[in-house]
Amino acid sequence: MATDIKNTAHAVEAAAIMRLLPARPRLLALGEPTHGEDTLLDLRNNLFRQLVEQEGYRTIAIESDCMMGLVVDDYVTSGTGTLDEVMEHGFSHGWGTSAANRELVRWMRAYNDGRPASERLRFAGFDGPLEITGAASPRHALTALHGYLAARVDADLLPCTAETLDRLLGTDDRWTNPAAMMDPAQSVGQSAEASQLRLLADDLVALLDAQTPHLITATSRDDWDRARLYGRTATGLLRYHYWMADTSPSRMTRLVGLRDQMMAHNILALAERGPALIHAHNGHLQRDKSTMRMGDLPLEWWSAGAIVSAHLGERYAFLATALGTIRHQGVDIPPPDTVEGLLYALPEDRCVIDAPRLATTLGDTRPAPRVSPYYGYSPLDPAHLAGNDGIVFVKDVPQIFGF
């Protein structure tokens, strides 16, 4: 059995990964089982460079605020701002403090310098403007969409004025109140103003769609794509806030599902641009349902990867990442009867595993699920093994200070 498993292992290189797949995917999704480890982000960066240089990939998208990501994209494509400013204002979830993320942005800017627009690398965040403590105000997305349309279509076609939006939005702290995450009564998402904003956002998105032939010639496709992002974000945020005010037992399940739905819509839009590397937690990119517990409440919802895979089929490929040890987080050598334990016995420090072949090799011998003592690390679910196109295995994750 050990010999058979060894035969499923390959170098973590773009060429080796492509040989595992039936065709070059439009979207190659690389998951991670834990956040905050620059070792995994360095691996991601190296793989992206190979995909750029060998496979023609031009976009990388990460699990970060899609609106903030525009700051990074402007910098890497045209040099707008400084690297320090971009790292401070272009990432959510604290990802801007990562040395590996900084190196990614620096390298992309250097690569693009002097290249024509058609050859430049692009950066995107594909998460919604959401944090654990709540959701952003829809102001930025709504007013940006309205401003784009107001400058390019007849005023009579607009469903409202900018002043109307401002009045209905009110102060942003009404929307970002952290108490609303746990107390629906604190949310403004089902107020009369929010309900009217949902209708106006829908009308603005419909107008953007109806005016597409004019807009993509009057401005540029990139500007139009950005306006579509504003529209998706505005309607997604307003929908998210609406359900934050819900009092039914399914409230939290719906909220986590809406987040992944927003992710999926952003990822599908990126697929129109060209081949892209997508990087996020395994749970967001897997083809199976995602699960988690919030206190005593079990939650289950379709992941962004499951939604995207349903749309794209073989044009979407998913590589899960599994780890042997994260000793600085209390995660020691995995039990030998787990997937991670089997892979830990291999001689390679890093490898990519042919997951379908591994599942076939194991046959009816299903490994035991690994239990992690660290809440921030999610082990592989052996029941989902066949749903992965590959598994990137990193034997040991050293502690790197500074993230």
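Here the structure is a predicted model, which is why all the values come from computation and not from measurement.
Of the possible polar contacts, none joining the S372 side chain to the S378 backbone as a donor-acceptor pair under 3.5 Å is found. Remark: the backbone N or O of P184 is not paired with any side-chain donor or acceptor of S187 at under 3.5 angstrom. Counting only distance, with no hydrogens or angles, the side chain of T235 and the backbone of R232 share a donor-acceptor pair below 3.5 Å. In this structure, W301 contributes its side chain and Q261 its backbone to no donor-acceptor pair below 3.5 Å. Without hydrogens or angle criteria, N112 side chain to V76 main chain gives a donor-acceptor distance under 3.5 Å. Judged purely by atom type and a 3.5 angstrom limit, Q399 has no side-chain atom pairing as donor or acceptor with the backbone of H328.
Using modelled atom types, one finds no donor on one side chain facing an acceptor on the other under 3.5 Å when comparing D222 with S220. Side-chain contact annotation: T82 with D84, donor-acceptor N/O pair under 3.5 Å absent. There is a side-chain donor-acceptor pair under 3.5 Å between E131 and H93. At a cut-off of 3.5 Å, with distance as the only test, no side-chain donor of D354 or H10 sits close to an acceptor on the other residue.
Evaluation of the salt bridge (charged side-chain N to carboxylate O under 4.0 Å, His left out) rule for D113 yields R109 as partners, not counting sequence neighbours. With sequence neighbours left out, the side chain to side chain donor-acceptor pair (under 3.5 Å) criterion links D389 to R287.
Atom CZ of R251 sits in a crowded spot, with more than 12 heavy atoms from other residues, nucleotides or ligands closer than 6.0 Å. A 6.0 Å sphere centred on CD of Q54 holds more than 12 heavy atoms belonging to other residues, nucleotides or ligands. Crowding of R115 atom CZ: a count of heavy atoms from other residues, nucleotides or ligands under 6.0 Å exceeding 12.
A cation-pi arrangement is absent between R139 and W175, since the terminal nitrogen or guanidinium carbon is not both under 6.0 Å from the aromatic centre and inside a 45° cone about the axis. Relative to the six-membered ring of Y148, R226 misses at least one condition, a distance below 6.0 Å or an angle of at most 45° to the axis.
Between E55 and P275 the shortest side-chain heavy-atom distance does not fall below 4.5 Å. Side-chain atoms of V205 and L145, non-hydrogen and from C-beta on, do get closer than 4.5 Å to each other. Counting heavy atoms from C-beta on, the side chains of L130 and M262 come closer than 4.5 Å. When side chains are defined from C-beta on, T338 does not count as touching V371, because their heavy atoms never get closer than 4.5 Å. Using a 4.5 Å cut-off on side-chain heavy atoms (C-beta onward), R120 and R58 make no contact. With a 4.5 Å cut-off on side-chain heavy atoms, K395 and T325 do not count as touching. Q329 has its side chain out of reach of V397: every pair of non-hydrogen atoms, C-beta onward, lies at least 4.5 Å apart. Counting only heavy atoms from C-beta outward, the side chains of V331 and R370 approach each other to under 4.5 Å.
Taking CD1 from I62 and NE2 from H279, the interatomic distance works out to 8.5 Å, rounded to the nearest 0.5 Å. Distance check, rounded to the nearest 0.5 Å: CG of N177 to OG1 of T133 gives 10.0 Å. The distance from the CG atom of L27 to the CD1 atom of I278 is 5.0 Å, given to the nearest 0.5 Å.
Between Y111 and W107, the ring-plane angle classifies as tilted under the 30° and 60° cut-offs.
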Please evaluate residues R228 and E272 with respect to the criterion salt bridge (charged side-chain N to carboxylate O under 4.0 Å, His left out), reporting the C-alpha separation (whole Å), side-chain torsions for both, the decisive distance (0.1 Å), and the verdict.
CA-CA 12 Å; R228 292 169 68 206; E272 299 174 18; 3.1 Å; yes
Quick one: do D225 and R122 satisfy salt bridge (charged side-chain N to carboxylate O under 4.0 Å, His left out)? Show the steps, please.
CA-CA 13 Å; D225 272 338; R122 303 291 301 273; over 6 Å; no
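With respect to the salt-bridge test (charged N to carboxylate O, under 4.0 angstrom), the residues D38 and R44 do not qualify.
Between A194 and L238, the closest heavy-atom pair is O-CD2, 4.4 Å.
With ring centers used as reference points, F123 lies 6.0 Å or more from F48.
Screening L142, T164, V188 for a side-chain contact (heavy atoms from CB on, under 4.5 Å) with L169, the sole residue that qualifies is L142.
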